[in-house]
Amino acid sequence: MTAKECITGRRSIRVFTEQAVSHELIEQIVSVATYAPSWKNTQITRYIAVEGAAKEALAKCTSTWPKNGDIIRQAPMVIAVTVVTGRCGYERDGSFSTKKGTGWQMFDAGVASEAFCLAAYEQGLGTVVMGLYDEEEASRVLGLPEGRELVALIPIGYPAESPVAPKRKTAEELLVFQS
């Protein structure tokens, strides 16, 4: 699969088969995702693979968005994407390197999440990146220590659907050349 095929073929999958995802396969996918670039190579993104009772507890953290809870419940696994805070976008003296402040940690987590999703797709797995959940409760369920922040939940499994790509804007709509 070429990079173009991987990027243009990946879809957000919200319906999964019951087939379990092996821990070894998740380890392989994370090993690929570690090559995502990060601020000064800080590599702040961390992953938590959630199954069983803990996955059900995460599903309950979506009560305001019940459809997300349904997706989590029927996915065989959920990946919680977290970051180590206080490193990305900072200089060694603790000052920010740019005006973006802590925004760089979310940028790095987003790049790492997409790398994870593309690596999963290449292995025949489907994913959907979720941001609608009770972050405080989900962080408690995950037992996140001080200095770690939950960024996204990614249900993962073998797709039971093949959604069509939504309409995309053209390059002409998105791109400006400036000299």
Side-chain angles (χ1 to χ4, degrees), residues 6 10-39 42-88 102-163:
C6 197
R10 187 208 163 268
R11 300 283 172 271
S12 291
I13 301 298
R14 294 173 175 86
V15 182
F16 302 93
T17 69
E18 293 181 11
Q19 183 178 350
V21 178
S22 76
H23 292 191
E24 294 78 19
L25 185 53
I26 294 299
E27 288 173 2
Q28 290 171 21
I29 292 165
V30 170
S31 291
V32 171
T34 65
Y35 283 87
S38 63
W39 174 272
T42 51
Q43 301 180 53
I44 61 164
T45 306
R46 302 292 186 272
Y47 307 89
I48 303 169
V50 184
E51 301 171 294
K55 185 174 68 87
E56 175 58 31
L58 276 182
K60 290 178 181 175
C61 297
T62 65
S63 60
T64 308
W65 306 276
K67 178 74 172 147
N68 281 354
D70 294 342
I71 295 167
I72 289 170
R73 281 184 185 91
Q74 57 89 40
M77 184 182 290
V78 175
I79 303 298
V81 179
T82 71
V83 294
V84 176
T85 60
R87 290 188 191 167
C88 191
T102 60
W104 280 109
Q105 70 185 22
M106 289 304 211
F107 183 85
D108 282 4
V111 172
S113 293
E114 182 63 2
F116 178 92
C117 290
L118 291 173
Y121 175 68
E122 182 185 40
Q123 295 297 321
L125 296 170
T127 57
V128 60
V129 179
M130 292 183 169
L132 296 175
Y133 50 86
D134 182 328
E135 187 176 336
E136 189 174 306
E137 182 61 18
S139 296
R140 188 193 64 70
V141 166
L142 294 167
L144 291 185
E146 186 73 28
R148 288 276 289 278
E149 182 178 339
L150 178 60
V151 175
L153 298 176
I154 303 178
I156 185 170
Y158 292 92
E161 64 177 353
S162 298

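Quick note: numbers below take in every heavy atom, side chains included, and nothing from hydrogens, waters or symmetry partners.
Taking both residues in full, the closest heavy atoms of Tyr158 and Ala20 are given as CE1-O, 3.5 Å, listed atom of the first, atom of the second, then distance. Here the closest heavy-atom approach between residue Val78 and residue Ile72 is recorded as CG2-CG2, 3.7 Å. Of all non-hydrogen atoms in Ala36 and Ala115, the two that sit nearest each other are CB-CB, 3.9 Å.
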Given Ile79 and Val30, is the side-chain contact (heavy atoms from CB on, under 4.5 Å) satisfied, shown in steps?
CA-CA 10 Å; Ile79 303 298; Val30 170; over 6 Å; no
side-chain contact (heavy atoms from CB on, under 4.5 Å) evaluation trace for Cys88 with Val83:
CA-CA 9 Å; Cys88 191; Val83 294; over 6 Å; no
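Evaluation of the side chain to side chain donor-acceptor pair (under 3.5 Å) test over residues 18-35, restricted to residues two or more places apart or in two chains, returns His23-Glu51. Applying the side chain to side chain donor-acceptor pair (under 3.5 Å) test to every pair with at least one member in residues 52-65, sequence neighbours left out, gives these pairs: Glu56-Arg73. Residue pairs satisfying the side chain to side chain donor-acceptor pair (under 3.5 Å) criterion with at least one member in residues 113-133, sequence neighbours excluded, are listed as follows: Arg10-Thr127.
The side-chain contact (heavy atoms from CB on, under 4.5 Å) test applied to Ala160 returns Val15, Thr17, not counting sequence neighbours. Shown here are the ring pair (Phe, Tyr, Trp, His ring centres under 6.0 Å) partners of Trp104, two or more places apart in sequence or in another chain: Trp39, Phe107. In this structure Arg14 satisfies the side-chain contact (heavy atoms from CB on, under 4.5 Å) test together with Ser12, Ile71, Val128, Glu161, sequence neighbours excluded. Not counting sequence neighbours, the partners of Pro76 by the side-chain contact (heavy atoms from CB on, under 4.5 Å) test are Phe16, Val21.
Within the 4.5 Å cutoff, the side chain of Thr102 has no heavy atoms near those of the Thr85 side chain. Side-chain contact between Val111 and Pro37: present, with at least one pair of heavy atoms (C-beta onward) separated by less than 4.5 Å.
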Identify each donor-acceptor pair in which a side-chain atom of residues 140-153 lies under 3.5 Å from a protein atom, sequence neighbours left out, and give them as a table.
| from | atom 1 | to | atom 2 | distance (Å) |
| --- | --- | --- | --- | --- |
| Arg140 | NE | Glu137 | OE1 | 3.3 |
| Arg140 | NE | Glu137 | OE2 | 3.3 |
| Arg140 | NH2 | Glu137 | OE2 | 2.5 |
| Arg148 | NE | Thr82 | OG1 | 3.0 |
| Arg148 | NH2 | Thr82 | OG1 | 3.0 |
| Glu149 | OE1 | Gln105 | NE2 | 3.0 |

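Rounded to the nearest 0.5 Å, atoms CZ (Phe116) and OG1 (Thr45) are 12.0 Å apart. The distance from atom CZ of Arg87 to atom CG of Asp108, rounded to the nearest 0.5 Å, is 12.5 Å. Here the SG-CD1 distance, from Cys117 to Ile156, works out to 7.5 Å after rounding to the nearest 0.5 Å.
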